[in-house]
Amino acid sequence: MVTGVASLGDWLGLLATATFASAQVSGSAAKGLAFGSVIAVRLLPALVLGPVAGVMADRFDRRLTMVICDLLRFVLFASIPVVALFSENAGITVGWAAIATFLIETVTLLWIPAKEAAVPNLIPRSRLETANQLTLITTYGITPVFAGLGIAALDRIVRSGNTTPPEWAEASNLALYFNSLSRLAMALVVYFGIKEISGRAHDGKHTGQSMLRQFLEGWQYVGKTPLVRGLVFGILGAFAGGGVVIGTAQFFARSLNAGDAAFYLLFGTLFVGLGVGIGLGPAVVRDLSRRRWFGMSIVLAGGSVLVLAGAIHLTMAVFGALLVGAGAGMAFLSGVTLLGGEVGDEVRGRVFAFVQTAVRVVLMLAIALSSSLVGLGGSRQITIADLGISISSTRLLLLAAGIFGIFTGISAFRQMDDKPGVPVLADLWGSIRGRPLSPGEGLVGRGTFVVFEGGEGAGKSTQVNALAEALRAEGREVVVTREPGATEVGQRIRSLVLGKQQTGLSPRAEALLYAADRADHVATVVRPALSRGAVVISDRYVDSSLAYQGAGRTLPVDEVSWLSTWATGGLKPDLVVLLDVPPDVGLGRAARRGAADRLESESVAFHERVRYAFLDLAAAEPKRYLVLDATRPAEEITAAVVERVGELIPDEPPAHEIAEALNTVAEADLERRPS
Ligand SMILES: Nc1ncnc2c1ncn2[C@@H]1O[C@H](COP(=O)(O)OP(=O)(O)OP(=O)(O)O)[C@@H](O)[C@H]1O
Ligand SMILES: Cc1cn([C@H]2C[C@H](O)[C@@H](COP(=O)(O)O)O2)c(=O)[nH]c1=O
């Protein structure tokens, strides 16, 4: 919420500082120059400061960096109207507005990488996309509109009386005070309310390394990591294309002979498309690999610029603009989510800083170059069949931008593809239809399915047995089972995947073996027992594959999930009890039990990833999970589990009581029948 308010403040501030500067001078040329210089001043510091900002975000405490930056912005924003209040000289007022704007932008450049690098540490991976959706829609969709409306409303209010408002109450001044206070609020919330931003996995690792070394290390990382390279290339390509569309928009509207209204219509449609892409994109593509989605979105945006280039009437242009916006929005969302989720914490600040600097430079150059170029070219009318199509330098530039967009999209796709060999369109179509491709199997009966998950030595077997004992004591039919190894085939798979002699087993083969065990387990043990109405308690299930093969082996989680859904016919547990234990504690317990198996022998980093993947899954669906601290005494854990499972199991009499009751009825019936 505070980010939203602060973002509203920033948009108000940008509009206000620019209008404020132009209001201080007279004559349209001077006004335009003042307005333009403020915007240019606001963009310039990125070039100088971007690299330093990234190093700072990775080197210093991100929370303190954010707080100090916000306090500085609080003072700087307020200083602009205050200086105007006390100065008689318009030159000094405008000069200070420009200096303060430059300083504000400088500070903002330091603040953004610290914030962007900190957010993925605060939000579970599985929710990062939703969080980014909200932030992007708030920052680029809702708040600019509110900022524009807010300034207009303020202006109306202060001018509604008969008397001229005092200088301090001018709409642009009030907006700047609001911006200043929103930054103060942000500083207080971050300092007192979000202390977790300070904690980081690699604290202290960079001490001793020079800032220059760290900066070079960041560049090398961007250049050498295919995923990041593809992402950066794609994002820059998309912004270059976007810059050309913005730079040529006014000329393009004229080429349609549709006047200024068409320009505003196309611009508005572009933003509507952006919102549609960000808001609805994930729901449409569902489980599609985010790496693939990113490349495809850029290709969509590029292809749609081609539609714009060839538009022969306004309706076609509006359709093209909508698709350009939707493609750009989806690329923006997937790109930011991939950067946040897949770039390591220790280098994330530098990568975000690199992207923000490059984006600004590319956008500025694309707008400036394209708007100058279209001014130079003329417009020639050629006739194709009966259609009069105007070929102008605007359309040629759009054509080039579209082709460039498609090229960068394909290139980013190739660099980042995590499913080489899988046909793109079939993959997209399968995702839109919602995998699995075969419908989920229905369930007969009304048993209860409880699963225990957690890392090595968390105490799952101990708790599975304790729960089974408690339920059996109530007379319920309980089936205790586990993965892998509950069936005969499963036993063989278990010895294959856990045997230490099995060296060099590939991650995909491992995932398939666990899925094969699961398919057999569900079909021959779990479903029949649930159909009888039994309580089935399983030691591990689907989440283990998502955590171990997904996060641990770094296979794409959505694909591992799809594989399990297919193997189980979509059968989900009623409750997952997650026993959370730090890997060193759990592995220590397991070691006391005997020699480590193939999975237990993995690194602590592997088991850390597994642990956080389990926690992420639980955070995404809190109603279906019971997360317990597994370092507590075993009896306390059992009590919590029994209580929760008790709320879940239907109150009807247990299965054997029903059977006894049915027998009694049958016997009475027999007695009544004439012999
Ligand atoms: N809450 C607990 N506190 C301390 N020790 C425990 C606790 N729960 C279980 N243990 C002990 O830890 C060891 C591992 O327990 P258990 O076999 O139940 O874990 P597990 O999660 O099934 O392990 P794995 O996944 O490796 O099969 C056992 O020796 C058990 O007695
Ligand atoms: C189901 C499942 C399990 N694993 C791993 C997790 C453990 O290391 C072993 C099972 O051992 P346990 O003593 O029975 O807990 O297998 C996995 O990697 N993926 C899975 O889907």
Side-chain angles (χ1 to χ4, degrees), residues 451-469 480-487 490-491 493-500 502 505-522 525-526 537-555 557 559-568 573 576-604 606-607 609-611 613-614 617 628-641:
V451 167
F452 282 78
E453 293 283 10
E456 313 295 334
K460 296 178 295 297
S461 314
T462 309
Q463 295 303 330
V464 164
N465 291 331
L467 175 65
E469 209 175 294
V480 168
T481 183
R482 68 166 175 175
E483 286 192 7
T487 64
Q491 285 285 4
I493 294 177
R494 185 178 174 93
S495 56
L496 263 178
V497 282
L498 296 185
K500 280 189 86 173
Q502 204 63 55
L505 183 66
S506 76
R508 282 171 193 256
E510 184 182 284
L512 286 166
L513 285 169
Y514 279 112
D517 165 78
R518 184 160 302 133
D520 198 44
H521 178 216
V522 167
V525 179
V526 182
I537 310 176
S538 182
D539 185 340
R540 297 193 184 276
Y541 190 56
V542 174
D543 286 4
S544 281
S545 285
L546 303 182
Y548 281 82
Q549 279 66 55
R553 298 278 186 233
T554 65
L555 287 176
V557 177
E559 292 175 16
V560 179
S561 164
W562 176 81
L563 191 63
S564 276
T565 310
W566 188 78
T568 61
V576 180
V577 180
L578 173 59
L579 299 178
D580 177 47
V581 71
D584 53 338
V585 177
L587 288 169
R589 287 180 191 169
R592 282 192 285 282
R593 203 177 41 192
D597 61 31
R598 203 174 63 89
L599 272 276
E600 283 167 356
S601 313
E602 285 297 334
S603 65
V604 173
F606 175 94
H607 290 288
R609 287 202 294 280
V610 168
R611 179 185 183 198
F614 277 131
L617 289 165
L628 296 170
D629 174 1
T631 58
R632 286 162 60 191
E635 305 72 43
E636 279 184 24
I637 298 175
T638 309
V641 173

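Numbering of ligands and ligand atoms starts at 1, following listing order.
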K.L.:
Out of L467, L578, V576, which one pairs with F452 under the side-chain contact (heavy atoms from CB on, under 4.5 Å) rule?
P.N.:
L467
K.L.:
For E602 and R553: C-alpha separation, side-chain torsions, deciding distance, then whether salt bridge (Lys or Arg N to Asp or Glu O under 4.0 Å) applies.
P.N.:
CA-CA 10 Å; E602 285 297 334; R553 298 278 186 233; 2.9 Å; yes
K.L.:
Under a 3.5 Å threshold, yes or no: a donor from one side chain and an acceptor from the other, between Y548 and R540?
P.N.:
yes
K.L.:
So H521 and T481, do their side chains get closer than 4.5 Å, heavy atoms only?
P.N.:
yes
K.L.:
Please say which of R611, E456, R609 ends up in a side-chain contact (heavy atoms from CB on, under 4.5 Å) with P583.
P.N.:
R611
K.L.:
Step by step, would you call E483 with S544 a side-chain contact (heavy atoms from CB on, under 4.5 Å)?
P.N.:
CA-CA 9 Å; E483 286 192 7; S544 281; over 6 Å; no
K.L.:
Around ligand 2, what residues show up once you keep those with a heavy atom under 4.0 Å from it?
P.N.:
E456, E483, P484, R494, L498, Y514, R518, R540, S544, S545, Y548, Q549, L599
K.L.:
Write out the protein residues near ligand 1, meaning a non-hydrogen atom under 4.0 Å from one of its atoms, in order of chain and number.
P.N.:
E456, G457, A458, G459, K460, S461, T462, R540, R589, R593, E600, A630, R632, P633, A634, I637
K.L.:
Could you tell me whether the side chain of E510 reaches within less than 4.5 Å of the side chain of R598, counting heavy atoms only?
P.N.:
yes
K.L.:
What I'd like to find out is whether the side chain of V581 reaches to under 4.5 Å of the side chain of T631, using heavy atoms alone.
P.N.:
yes
K.L.:
Regarding S564 and R518, do their side chains bring together a donor and an acceptor under 3.5 Å, going by distance alone?
P.N.:
yes
